Amino acid sequence: MTPRQKRMVTVVAIVAGVGIATAFALKAFNQNLLYYYSPTQVHAGEAPDSRSIRVGGLVENGSLKRQPGSMEVTFVLTDYQQTVPVSYTGVLPDLFREGQGVIARGKMDGNRFVAEEVLAKHDENYMPPEVADSLKPHMDAANSAAGAPAAAATPAPGST
Amino acid sequence: MSAVRTPTLAAARLVFQRDMTLAWRRWDEVAQPLIFYVVVTTMFPLATTPDLSALREIGGGVVWVAALLASLLALESLFRADVEDGTTEQWVLSGQPLGYLLLAKVAAHWVLTGLPLVIMSPIVGTGLGLPTSVWGVLMFSLLLGTGTLSILGGIGAALTVGVRRGSVLLSLLVLPLAMPLLIFGSRAVTMQMDGDSPAGPLQLLAAIFFMALSLGPLAMSAAIRISVEN
Amino acid sequence: MAFDGAVFEAREINAWRGDRHILRDVSFSVRPGEFLKVTGPNGVGKTTLLRVICGLLPAETGELSWRGQSIRGRRDEFNFELGHLGHLNSLKGDLTARENLKFLAGLRTTLTAETIDSTLDRVGILSRGDLPARSLSAGQKRRLALARLLLADAALWILDEPVTNLDTAGIRLVEELIVDHVEQGGLAIAAAHQRLLDDAPCLRRLELEP
Amino acid sequence: MSWTWFHKLASPPHAYRILGTIAPWFGWASLALILLATWWGLVKAPADYQQGDGFRILYVHAPSAWMSMFTYVVMAVAAGVGLIWRIKLAHAAAAACAPIGASFTFLALATGSIWGKPMWGTWWVWDARLTSELLLLFLYLGYMALRASFDDPQRADRASAVLALVGVINVPIIHYSVEWWSTLHQPASVTKFDKPSIDLAMLIPLFIMIVGFQLYFGWAVSRRLRGEILRRERNANWLKEAA
């Protein structure tokens, strides 16, 4: 092989290597990298009920109920398609609010999800309280509207 | 005398063979990272809890951290002797593309240090409560991960070979770059244990491996050229 | 003639080491059959010049050409025709003399047991062939390094203090090897303090001045 | 295309002079904008509907986090230019970027941690951004440590350039992997709608602050680069003539 050909082979090998790497990365992105199930998936029976899983969704407005005299709370998780009732005993995080996204870790118990841990997070929105108030009715309307766009509940990969 | 020029692949094979021969004569040095690996994993149950079901939760991560540190330990000396005695100088001047020779060297290093870690991992994992069902994923993830780490570490070792306090510097350079391996590798193990398909993280490990395999030799040969300059 | 038209030329090489401007506009050329001896006091840049030629050190400015063409971008091709013997012998103490040659000289040319043996014989250490390089004396190690140089089958030899650690017989051997090489049409450049081929017809000098 | 202008620009005396001229402009403009944005962000902008006044640390946190990435890219590009075209000025620029980038990273980490206290209730969380910012800090520190461990400035230049380039390929991988890893520990933010996620009244000062930080970066790099040129060219004739 002449040095020129040798260089060509090297260049082709590098391009092929990067290509294979890209192919694997793309393939991986198509996999379900997310670690939690949406309420829709839970209803479709995709989530195993034998072991601990995570369910993610929004806390439905008006669904949060505290049991008097105990630490137990119940609320409903929704992805605007389906809902899952959740019960949890313990202290809820500060940012836990109705209408917010949360992840609950626990097990299915029949139709009810018994959470061992509830994680909440502030969203990416920054706005003055007045603006938030003015948005409220709009959100409530969307909450109850049937057939809200499925994409609306798509989780954005971890963002602050 | 009119000699036949050695084909590049044959030259790379010679580099590989040479390191195997050298390791065979210095097997005690080769065994050290492996012993380190086992010892480090033993420390976790002692420091946390001997309860296997509790250890299982972190088992995948522990095996991965230990493998990472053990590989790093072996990397420090990767190029040192060859640069000091002038061998790399002759490689640079051999007329062979340096990247292939260095890749062969790294491959030998991986067979001597990475592969034993992979083979040992089920035994070590069992001690940490990992069920037999995750052995395959554990070994496969380590196979890809240690391979990538050998290349990344090769770049770091080539950059630091001529400098003061090279070993500490090497860790500082390589460990941040190796974080994705740790994340995906231990995640694959956990997913398998949870009954999920570990395909996602394994594919990402494969993606990083091929990336390192194709671009790593370029960086390594650039670094070695800088190191022989003095 | 084995190395037809193999002319090496360096034009206006300037090189720095840290803050020091070591080589200032160094120009020379070497033709087949010539041995160029680079001389000058310590620290004048003899080693620097040889390493610049080998591409082991970058030159700030200047041009190297081989066979009438600039070597820029053709380093690997040039390197294959270049045999280098530096300060270091590039030997592995744990490998035998034969293995050292097999694993290092073998990267350049395909070797057979016979070529290795005849070369070891040429440099006078055939009987040490299966000893680990560690157990060789300093002079024998230098001879082993010379064997590697011979096996490289290069047109242009670059020798940095080739007679270090050698006894008178060893010095004579180096002189013989260089004369043989240039008589076959090869080129050699060496940096040397000691007398080395000082009366040979093939000798040309390059005196570096501080 | 002619590269003469480029080489002229990259010649140390020329660069030294130009940098000396533009540095004060960068400096004063950045000071003015940062002061304006500080007043706007701290006083004029409304409090957040959830986080109250605590969110205001955003005006330091977000620009410094953004600049920490930006500086790394600038550094890697400069290092690559220096490595490929053998331009010393580019190497000097990369060297000048590293401590600035490390400072931005540190500032982002510190403010993120302070922000974490009211937001999450702890000083530190293994949040994706914070974690990858921490790893970025390690990369900067590694770069500076590698550079410092060579005696010969030219070897230091090229060795650290290789590292910067390896790092720039790795930064997205690290960033992505950490984000992905973090969603396993932290709740993923389940976004509600595609509405503007930050109110305009809050966005304007943030924008001004980012521009101010950029100008500050320009000022700091110019100053450091002038220092680098002086250090490297201390024996050159043009400097002796100038002095």
Side-chain angles (χ1 to χ4, degrees), chain B residues 1-30 77 79-105 108 162 221-230, chain C residues 2 17-18 47-48 51-58 74-96 99-100 102-112 115 118-119 122 132-134 141 145 148-154 158 160 180-181 184:
Chain B
M1 182 164 61
S2 84
V4 184
R5 191 167 176 171
T6 311
T8 300
L9 286 182
R13 199 166 56 231
L14 277 174
V15 170
F16 184 84
Q17 252 179 39
R18 187 204 67 146
D19 275 21
M20 287 304 181
T21 314
L22 281 171
W24 182 247
R25 287 175 200 171
R26 283 281 164 113
W27 63 270
D28 51 320
E29 283 174 23
V30 178
S77 57
F79 292 114
R80 178 139 299 155
D82 284 335
V83 166
E84 278 170 4
D85 67 21
T87 302
T88 39
E89 218 167 80
Q90 291 302 323
W91 288 354
V92 171
L93 297 175
S94 67
Q96 302 286 2
L98 186 57
Y100 289 93
L101 303 187
L102 297 178
L103 197 58
K105 165 121 187 127
S221 51
I224 280 293
R225 280 176 207 280
I226 296 163
S227 289
V228 297
E229 255 177 41
N230 51 46
Chain C
R17 280 230 159 156
T47 296
T48 305
R51 291 182 76 84
V52 165
I53 295 172
C54 294
L56 293 173
L57 270 182
R74 306 190 306 135
R75 259 290 162 196
D76 281 350
E77 291 139 77
F78 173 60
N79 281 344
F80 183 65
E81 295 201 81
L82 178 131
H84 174 255
L85 179 69
H87 287 282
L88 301 166
N89 289 327
S90 312
L91 300 177
K92 285 274 166 234
D94 284 337
L95 298 177
T96 66
E99 284 170 333
N100 265 298
K102 173 186 167 196
F103 288 131
L104 203 48
L107 298 183
R108 306 175 58 113
T109 53
T110 309
L111 304 175
T112 60
T115 51
S118 67
T119 313
R122 180 85 177 82
R134 196 185 324 106
K141 283 179 184 158
R148 192 200 71 231
L149 176 73
L150 287 174
L151 285 170
D153 195 41
I158 308 285
D160 199 353
D180 274 6
H181 178 61
Q184 284 170 33

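Being a predicted model, the structure only gives us computed values, none of them experimental.
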| task | Measure distances from Ala81(B) to the heavy atoms of chain C and classify the residue's part below 4.5 Å as side chain, backbone, both or neither. | result | both
| field | Heavy-atom pairs under 4.5 Å with chain C, option from Leu14(B), Thr87(B), Leu93(B) with the top count | value | Leu93(B)
| request: Among the options Arg225(B), Gln17(B), Arg13(B), pick out the one with the most heavy-atom pairs lying under 4.5 Å from chain C. | output: Gln17(B)
| request: Keeping the roles fixed (side chain from Arg148(C), backbone from Asn89(C)), state whether a donor-acceptor pair exists under 3.5 Å. | output: yes
| Residue pair Thr112(C) / Thr115(C), side-chain donor-acceptor N/O under 3.5 Å | yes
| remark: Among Leu98(B), Leu101(B), Thr21(B), the residue with the most heavy-atom pairs under 4.5 Å to chain C is Thr21(B)
| message | Heavy-atom cut-off 4.5 Å, strictly under: side chain, backbone, both or neither for Arg25(B) against chain C? | response | side chain
| Can you say whether Leu95(C) sits under 4.5 Å from chain B via the side chain, the backbone, both, or neither, judging by heavy atoms? | both
| Is it true that a side-chain atom of Arg51(C) and a backbone atom of Leu56(C) form a donor plus acceptor pair closer than 3.5 Å? | no
| message | For a quick check under 3.5 Å, do Thr88(B) and Asp82(B) share a side-chain donor-acceptor pair by atom type? | response | no
| Nearest heavy-atom neighbours spanning Asn100(C) and Lys92(C) | OD1-N, 2.9 Å
